[in-house]
Amino acid sequence: MAMKLTEVIEYLIEPEKHLILYRKHNVKVSDDDLTMYMQDKVSLESLVHLFPQSETGGRIEYLKDGKKYVYLLEVDIALDLIEASRVKNSSNDRLAKRILEYAQYDA
């Protein structure tokens, strides 16, 4: 089930919701094995898909079922960014922007 980054953040903020998120994306791996990809392009409006690194091979662009996915960030790095930013009481929109900025400029 694809969702926008702000929706994914809603699940990542609370550790007890991680498994729910993984079930929605039909993945059965730990945080450190998952990578977030965005459908078509990296954008706040793009849909996020979670894939195990073993499936994508760490590629920047990944094709599956005729759809193109673009690498965004590993879930464990996103979790670290969220934790560091939550101290400042950031909104989900601001957290999404911070994750995109990090992925584009710092990763």
Side-chain angles (χ1 to χ4, degrees):
M1 171 185 203
M3 51 184 72
K4 291 186 179 181
L5 186 55
T6 52
E7 296 169 302
V8 171
I9 288 169
E10 191 65 38
Y11 288 92
L12 294 179
I13 286 173
E14 298 181 44
E16 57 274 2
K17 289 187 177 181
H18 293 187
L19 288 177
I20 296 168
L21 175 67
Y22 302 159
R23 282 189 210 117
K24 286 180 180 271
H25 285 266
N26 296 316
V27 291
K28 297 178 182 175
V29 292
S30 64
D31 296 337
D32 60 339
D33 292 329
L34 286 177
T35 303
M36 292 190 291
Y37 280 78
M38 295 191 124
Q39 192 169 328
D40 297 321
K41 63 181 181 176
V42 175
S43 158
L44 283 175
E45 299 305 314
S46 295
L47 296 175
V48 174
H49 296 261
L50 302 181
F51 296 108
Q53 289 181 3
S54 59
E55 182 178 335
T56 65
R59 291 185 285 266
I60 299 296
E61 289 190 359
Y62 177 63
L63 295 174
K64 183 175 181 176
D65 299 328
K67 294 179 183 174
K68 179 177 100 171
Y69 301 96
V70 180
Y71 168 82
L72 176 63
L73 203 60
E74 288 79 8
V75 170
D76 60 334
I77 295 173
L79 288 168
D80 290 344
L81 288 169
I82 289 168
E83 186 59 34
S85 297
R86 285 187 70 206
V87 177
K88 302 172 188 171
N89 297 320
S90 294
S91 68
N92 288 1
D93 288 335
R94 181 65 199 131
L95 291 171
K97 288 176 186 173
R98 175 65 187 117
I99 288 171
L100 286 180
E101 288 169 3
Y102 181 87
Q104 292 175 327
Y105 302 114
D106 297 328

Main-chain N/O of Leu12 paired with His18 side-chain donor or acceptor, under 3.5 Å: yes
Between [atom1] of [X] and [atom2] of [Y], what distance do you get to the nearest 0.5 Å?
X	Y	atom1	atom2	result
Ile77	Ile99	CD1	CD1	10.5 Å
Leu50	Asp33	CG	CG	12.0 Å
Ile20	Glu14	CD1	CD	9.0 Å
Lys68	Glu61	NZ	CD	4.5 Å
Asp76	Leu81	CG	CG	10.0 Å
Arg94	Thr6	CZ	OG1	14.0 Å

Hey, does [Y] have a side-chain heavy atom less than 4.5 Å from the side chain of [X]?
X	Y	result
Thr56	Tyr69	no
Val27	Glu55	no
Leu21	His25	yes
Asp93	Ile9	no
Met36	Leu5	yes
Thr35	Leu72	no

Single-linkage hydrophobic cluster Leu47~Met38, side-chain heavy atoms < 4.5 angstrom: no
same_hphob_cluster(Val48, Ile60) at 4.5 Å side-chain heavy-atom cutoff: yes
Partner set under salt bridge (Lys or Arg N to Asp or Glu O under 4.0 Å) for Lys97, not counting sequence neighbours: none
Summary of salt bridge (charged side-chain N to carboxylate O under 4.0 Å, His left out) pairs that have at least one residue in residues 34-49, sequence neighbours excluded: Lys4-Glu45
Parallel, tilted or perpendicular, as decided by the 30° and 60° cut-offs, for the rings of Tyr37 and Phe51: perpendicular
Derivation and outcome, side chain to side chain contact (heavy atoms under 4.5 Å, CB included), residues Tyr62 and His49: CA-CA 11 Å; Tyr62 177 63; His49 296 261; over 6 Å; no
